[in-house]
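Atoms within a ligand are numbered from 1 in the order they appear, just like the ligands themselves. A quick note: this is a predicted structure, and the numbers were derived from the prediction, not measured.
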Amino acid sequence: MEYLPDLKRLLLLVVVFVPAERLLALRPGQKLFRRGWANDLLYYVANGPIIGLGISIVVLGTIVMAEWLVPESIREAVASQPYWVQTLEVILLADVGFYVAHFAFHKIPWLWRFHAVHHSIEELDWLAAHRVHPVDQIITKGVSLLPIFALGFSGVAIAIFGLIYGWHSILLHANVKIKFGPLRWLIASPEFHHWHHANHREAYDKNFAGQLSILDVVFRTAYMPKGRMPSRYGTDDPVPHHYLSQLIYPFVRRKPRKPSENMSPVISGNSLQPVKE
Ligand SMILES: [Zn+2]
C-alpha cells in the first residue's frame, strides 16, 4: 500500500468532478474555491497516508486472526465463487459494517466528537468528502472491511469494490443534481447523502448507509422528502475551522451534544446557495 498522497488520483478527480459540478450543479451559485476548500485539500494530502497505515494494520491483524478463527473450508468456499458474486457480497457486507459503525459514530457521544468533524461541512462538494477525522475513517473502514478479509474474499473482488466505493463516496458529496429515480431507495445517491448532512432537525441521524440506501429503508432510518433538498448543512457543534484544530477537537473535553442544542435554526457562516429547480 502506498503511503504518499495520490496526486494522480487527485488530478483525475479534478478532471471529472470540476466540470461535472459546473454542468450538473445542484447549487449553481456555489464557488469552486468555497470556504474551507484549502483545508479540505489538506485533508486529501495529509490524511491519505495516515488512514492507509491505520487500515493496513487493521487488515493485517484481521487476516492473521482469521487464519485462527475462520475454518479454511469456509474461506475456500467464499473465494471460489464467481468474481461478480463475490463483489456483490463484498458491497453488501461492507456496507452493513459501514452502517453499524456510522450509526455508532452518531449515537455514542465520544465517537460523535470525531464524526462531527465530517459533519462540520457547510458547503458540500467532491473535495469536502475528504474532511474526515483519521480515527473516524480508520474505525469505520476497519469495521466495514473486517468481515471481508476474515472470510477470505478474493483480492479481485475487494479491488473492484474499493474502486466503486472510492468514486461512489465522493459522488455522494458532490454538488451535483443527479436523480436516481426509484433506484434511490436501493443505491445511495447525492440526494440521499446530502440529506444525511442536512442541519435540519427532522434529518438528524438518518441515511447512514455508504452505498446501499436500502439498508436505511430496512432499518427505518431513510429520509428523502420528495421534491426538496436541504436548505443548510453542517452541525451546531463548535467544530473549529482548521485541520490541526479539527484533529485535536475530539480530544478536548467538552459537554456531550444534547438534541436540544441542535434545534437552533441559526448556523455560523454563509447561507447556502439556492438549488437549481
Ligand atoms: Zn454521519
Side-chain angles (χ1 to χ4, degrees), residues 36 39-40 43-44 47 51 54-55 94-145 165-166 168-175 184 187-225 229-241 246-247 249-250 254 256-259 261-263 267-269 272:
N39 201 51
D40 294 341
Y43 268 90
Y44 182 94
N47 255 15
I51 291 164
I55 290 172
D95 214 35
V96 170
F98 183 96
Y99 183 103
V100 170
H102 192 184
F103 186 89
F105 269 95
H106 273 251
K107 297 292 187 182
I108 300 172
W110 70 270
L111 285 178
W112 166 254
R113 293 204 294 267
F114 290 95
H115 194 55
V117 170
H118 184 58
H119 278 271
S120 70
I121 301 165
E122 290 175 352
E123 289 176 277
L124 281 166
D125 64 10
W126 67 274
L127 186 58
H130 299 90
R131 192 191 305 172
V132 186
H133 196 286
V135 171
D136 177 356
Q137 190 82 305
I138 290 167
I139 294 177
T140 304
K141 280 199 173 160
V143 171
S144 176
L145 293 174
Y165 175 82
H168 193 183
S169 62
I170 293 171
L171 173 68
L172 295 184
H173 297 86
N175 175 27
R184 71 189 187 282
I187 299 168
S189 61
E191 178 189 8
F192 170 85
H193 197 66
H194 279 227
W195 274 110
H196 178 70
H197 279 270
N199 195 359
H200 293 221
R201 182 154 177 73
E202 69 275 19
Y204 291 151
D205 300 340
K206 299 281 193 276
N207 300 1
F208 291 110
Q211 293 193 270
L212 301 172
S213 50
I214 194 165
L215 294 179
D216 284 279
V217 175
V218 170
F219 297 125
R220 307 179 73 85
T221 47
Y223 185 76
M224 275 184 280
M229 284 303 285
S231 59
R232 58 183 183 273
Y233 303 117
T235 171
D236 294 335
D237 287 26
V239 180
H241 294 292
Q246 288 175 346
L247 286 196
Y249 168 76
R254 66 190 70 245
R257 179 181 65 150
K258 295 195 189 93
E261 289 174 357
N262 280 328
M263 291 179 71
I267 58 163
S268 56
L272 281 177

Would you call the rings of F219 and Y99 parallel, tilted or perpendicular if under 30° counts as parallel and over 60° as perpendicular?
tilted
Only counting residues at least two apart or in another chain, list the ones meeting ring-ring contact (aromatic ring centres under 6.0 Å, His included) with Y43.
Y243
Which residues and atoms, counting only protein N, O or S, are under 2.8 Å from the Zn ion (ligand 1)?
H102 NE2, H106 NE2, H115 NE2, H119 NE2, H196 NE2
Return a table of donor-acceptor pairs under 3.5 angstrom between the side chains of residues 136-143 and protein atoms on other chains or two or more places apart.
from : atom 1 : to   : atom 2 : distance (Å)
D136 : OD1    : T140 : OG1    : 3.1
D136 : OD2    : H115 : ND1    : 2.7
T140 : OG1    : D136 : O      : 2.8

Of all the heavy-atom pairs spanning V217 and A222, show the shortest one and how long it is.
N-CB, 3.9 Å
Between the main-chain N or O of S169 and the side-chain N or O of H173, is there a donor-acceptor pair closer than 3.5 Å?
yes
Identify, with sequence neighbours excluded, every residue that meets salt bridge (charged side-chain N to carboxylate O under 4.0 Å, His left out) alongside D125.
R34
